[in-house]
Novice: 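Below is a structure I'd like to ask you about.
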Amino acid sequence: MNKEAAGGSSRIPGFHNWSVEQRIDRVASFAGLGPAERAQLAAPSNIDAQLAEHMVENFVTTIAIPVGIATNLRVDGRDVLVPMATEESSVIAAVGNSARQCHDTGGFTTSTSGTEMIAQVQLLDIPDPRRARLLILERQDEIAEICNACDPVLVRLGGGFRSLEVRLVDTPVGTMVITHIIVDTRDAMGANSVNTMAERLAPDLARWTGGTALLRILSNLADRRLVRARATWTCAAIGGEKVRDAMVAAYHFADNDPYRAATHNKGIMNGVSAVVLATGNDTRAVESGAHAFAAHTGRYRSLSTWEVTADGDLAGTIELPLAVGLVGGAVKIHPTARALLAIMQVATAEQLARIIAAVGLAQNFGAMKALATEGIQKGHMSLHAQNIAFAAGAAGDEVAIVSRRIIEQQTINEEAAGRVLAELRKR
Ligand code: MEV
């Protein structure tokens, strides 16, 4: 099929009922894909097509992301190997290097605020919102019963309804009565449980208050599921006072300027999201929670802090919401996620979250140290140049030769890589 013959309607009735092969054929003919592109879509992966079909609608293929292992991490006195799924070079090496530099001072110490999630129910059209708020709060025991009846298994495992909050939110379309049901979801991320509870409860809330129930959904600002990690790097391990002080100045830049904070926190999320993805957890939930939390003071700030200790060493801390689970969803059914989780030997979702927070802090240390000293490009260069060599068509031994030459020539781009490759092949 050539590009000219491609096209047609995106309206494809019954597409979801077709076989994977039929779907690929149709997509290939729609887009005018060549045989190589079609074969790439049809290539097998380490997830069974039947399982993938259960995970998403209209499944056609998978996209593999490399997984590497971050070494050298010591979290709460235990050495752990951490799988990280990322397409970005230098991320995994940065965690390993940073963790090595604080391994001998004890590594990372973590804590959590618990595993409680919040679900929100929005009530509109209430003339007396302050009275409505109290009417709801008075029914806490009844609400607990309604919520717990939705998930007896969670209750048996020690989780379930914990508490209630009712907030009045003034908006241009009136004061809304927002009920928060707070539920301990233990080893589950908990979205399904709390969403079910919110949906079940909403008609009662509307009846009790005379309002209209609208949205019923969890909040990704999971600020009752905060995870904290801290670590200390000796001044000597960092490379002296000058580097230490430069890193502290880099932190204050991020904490006081949202333009820098966005990039600083993106670096943290390079580590966090890579572990979240490797374990089959919801990267978007964790990311939106982290960024919303970074703005909880009313200004978008750094998720980490950096300061000099009385001994002149560098102490880093991080605090962020981490709604991750060990049960439910892709975590439970994706065989690769399960195998990768097994590497970390965690028994609870809390333990997993603690490791993720430590990875976020290590990642941040690595990025800040590089930025405050030689810059980020030097460390990136080698893998980046290899990617460029690949993109230019290099294969096997050619990749190392081409990437080395373009680094030497300081021309790390595809055109230069193509030239070097052509010369190499001529010989
Ligand atoms: C790149 O993916 C991440 C960094 O930009 C983080 C940072 O600037 O702190 C290096």
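Counting convention: from 1, in listed order, for ligands and their atoms alike.
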Novice: Counting heavy atoms not belonging to Q409, are there more than 12 under 6.0 Å from its CD?
Specialist: yes
Novice: Closest heavy-atom contact between N72 and G96?
Specialist: ND2-O, 2.8 Å
Novice: Relative to the heavy atoms of A367, which atoms of ligand 1 are at a distance of less than 4.0 Å?
Specialist: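 The list of qualifying atoms is 6 (C), 9 (O).
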Novice: Looking just at side-chain N and O atoms, do S90 and H384 make a donor-acceptor pair shorter than 3.5 Å?
Specialist: no
Novice: Without hydrogens or angle criteria, can the side chains of D25 and W18 be said to hold a donor-acceptor pair below 3.5 Å?
Specialist: no
Novice: So which heavy atom in the protein is nearest atom 1 (C) of ligand 1, and how far is it from that ligand atom?
Specialist: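 Here the nearest protein heavy atom works out to E88 OE2, 3.5 Å.
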Novice: Contact between R260 and ligand 1, counting heavy atoms under 4.0 Å?
Specialist: yes
Novice: Among all protein heavy atoms, pick out the one at the shortest distance from atom 3 (C) of ligand 1; state its residue, atom name and that distance to 0.1 Å.
Specialist: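 The answer is N270 ND2, 3.5 Å.
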Novice: Report yes or no: do T234 and D313 form a side-chain donor-acceptor pair below 3.5 Å?
Specialist: no
Novice: Would N364 count as a polar contact of ligand 1, with the cut-off being nitrogen or oxygen pairs under 3.5 Å?
Specialist: no
Novice: For ligand 1, is there an N or O atom under 3.5 Å from any N or O atom of K266?
Specialist: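 So ligand 1 has an N or O lying under 3.5 Å from an N or O of K266.
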Novice: Indicate whether any N or O donor in one side chain lies under 3.5 Å from an N or O acceptor in the other, for T185 and R225.
Specialist: yes
Novice: Which of the numbered atoms in ligand 1 are below 4.0 angstrom from a heavy atom of L371?
Specialist: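 Counting atoms of ligand 1 from 1, those under 4.0 Å from L371 are 7 (C), 8 (O), 9 (O).
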Novice: Is the shortest heavy-atom distance from the side chain of H291 to the side chain of Y300 under 4.5 Å?
Specialist: yes
Novice: Could you list which atoms of ligand 1 come closer than 4.0 Å to a heavy atom of H264?
Specialist: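 This gives 9 (O) as the contact atoms.
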Novice: List the closest protein heavy-atom neighbour of atom 5 (O) of ligand 1: residue, atom name, distance to the nearest 0.1 Å.
Specialist: T263 CG2, 3.5 Å
Novice: I need the atoms of ligand 1 closer than 4.0 Å to a non-hydrogen atom of I376, numbered in the order shown.
Specialist: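 In order of number, 10 (C).
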